[in-house]
Amino acid sequence: MFTLLHRRASAQPRTEADLLRLGNVLLDELFRASPAGPVPMGRMRGTLLAFPGSRAARPIAAFARALLWQGKVVDAEQTSLKNLVTPLRLRAIKAAVSTAASWVDGDPTVLIDYSRTSRVAGMVRDEIRLVGPGLYLGVVWMWRRRVGWFALRPQGTK
């Protein structure tokens with residue numbers, strides 16, 4: 001069983017749809033096995049990975065993208081970002097961007113830290129790692145508890 005899990009998670013995902021098909025255990029394994037990668041630049045398309053591996057994952061991701069969260073925009077110096085929210089893609093909820101040790105496993109990760117930049121999301125910490133060509137897998141922490149997953153990809157890439 002472990003060999004099957006390891007083989008499935010270690011196959012490099014190419015799309016957000018690949019990540020939506022994986023469950024929490026496989027996403028965790030993939031995150032742990034992946035490098036931090038470079039700090040991304042520019043506009044990043046976001047995909048919420050709620051209830052990954054279930055039939056509900058795709059419709060929830062589509063709903064979230066249409067109405068709530070479309071991604072992130074990383075500044076040119078790669079030290080901060082803003083989220084793209086609402087159907088109008090408003091730039092809101094600023095975060096600091098750096099590299100740091102992951103709370104998942106202590107290995108390097110790209111850190112998106114809201115604690116000093118946002119009153120609304122000050123309890124949130126995102127960590128991302130490069131899991132495929134131009135594809136980042138993110139873990140969301142709230143109040144030091146892991147609460148969810150998301151994917152990021154530079155806008156205009158597939």
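Annotation: ring-ring contact (aromatic ring centres under 6.0 Å, His included) contacts involving residues 45-86, sequence neighbours excluded, comprise W69-F150. Applying the salt bridge (charged side-chain N to carboxylate O under 4.0 Å, His left out) test to pairs two or more places apart or on separate chains, those with a residue in residues 31-41 are D28-R32. A salt bridge (charged side-chain N to carboxylate O under 4.0 Å, His left out) check over residues 50-70, counting only residues at least two apart or in different chains, returns nothing. Note on residues 107-121: no pairs pass salt bridge (charged side-chain N to carboxylate O under 4.0 Å, His left out), not counting sequence neighbours. Pairs passing the salt bridge (charged side-chain N to carboxylate O under 4.0 Å, His left out) check and including a residue from residues 86-99, sequence neighbours excluded, do not occur.
Hydrophobic clustering (side-chain heavy atoms under 4.5 Å, transitive across Ile, Leu, Val, Met, Phe, Trp, Tyr) keeps L19 apart from I60. V120 and V124 end up in different hydrophobic clusters when Ile, Leu, Val, Met, Phe, Trp and Tyr side chains are linked at under 4.5 Å. V85 and L48 fall into different hydrophobic clusters, where Ile, Leu, Val, Met, Phe, Trp and Tyr side chains are chained together by heavy-atom contacts under 4.5 Å. The hydrophobic clustering, which links ILVMFWY residues whose side-chain heavy atoms are closer than 4.5 Å, places I128 and V131 apart.
Atom CG of D126 and atom CG of L152 lie 8.0 Å apart (nearest 0.5 Å). The CE atom of M142 sits 14.5 Å away from the CZ atom of R125 when rounded to the nearest 0.5 Å. Interatomic distance, I93 CD1 to S118 OG, rounded to the nearest 0.5 Å: 6.0 Å.
Proximity of L90 to L84: side-chain heavy atoms (C-beta onward) are nowhere separated by under 4.5 Å. Contact annotation: the side chain of N24 approaches that of P52 to within less than 4.5 Å [non-hydrogen atoms, C-beta and beyond]. Looking only at side-chain heavy atoms (C-beta outward), T99 and L111 stay at 4.5 Å or farther from each other. Annotation: side chain of T86 is not in contact with side chain of L68 (no heavy-atom distance under 4.5 Å).
Contact between G53 and A57 at its shortest, heavy atoms only, is N-CB, 4.4 Å. When every heavy atom of P87 is checked against every heavy atom of A66, the shortest pair comes out as CG-O, 3.5 Å.
By the side chain to side chain contact (heavy atoms under 4.5 Å, CB included) test, E16 pairs with T47, L135, A151, R153, sequence neighbours left out. In this view, S98 satisfies the side-chain hydrogen bond (donor to acceptor under 3.5 Å, both in side chains) rule with no residue, not counting sequence neighbours. Applying the side chain to side chain contact (heavy atoms under 4.5 Å, CB included) rule to L81 yields the partners K72, V74, N83, A95, V97, I112, Y114; only residues at least two apart in sequence or on another chain are considered. With sequence neighbours excluded, no residue satisfies side-chain hydrogen bond (donor to acceptor under 3.5 Å, both in side chains) with T117. Listed by chain and residue number, nothing satisfies the side chain to side chain contact (heavy atoms under 4.5 Å, CB included) test with A101 (two or more places apart in sequence, or in another chain). Applying the side chain to side chain contact (heavy atoms under 4.5 Å, CB included) rule to F31 yields the partners S102, V104, T109, E127, R129, L137, V139, W149; only residues at least two apart in sequence or on another chain are considered.
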Considering only distance and modelled atom types, tabulate donor-acceptor pairs under 3.5 Å from the side chains of residues 34-43, sequence neighbours left out.
residue : atom : partner : partner atom : Å
S34     : OG   : L30     : O            : 2.7

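The cationic atom of R146 (NZ for Lys, CZ for Arg) does not lie both less than 6.0 Å from the six-membered ring centre of W103 and within 45° of the ring axis.
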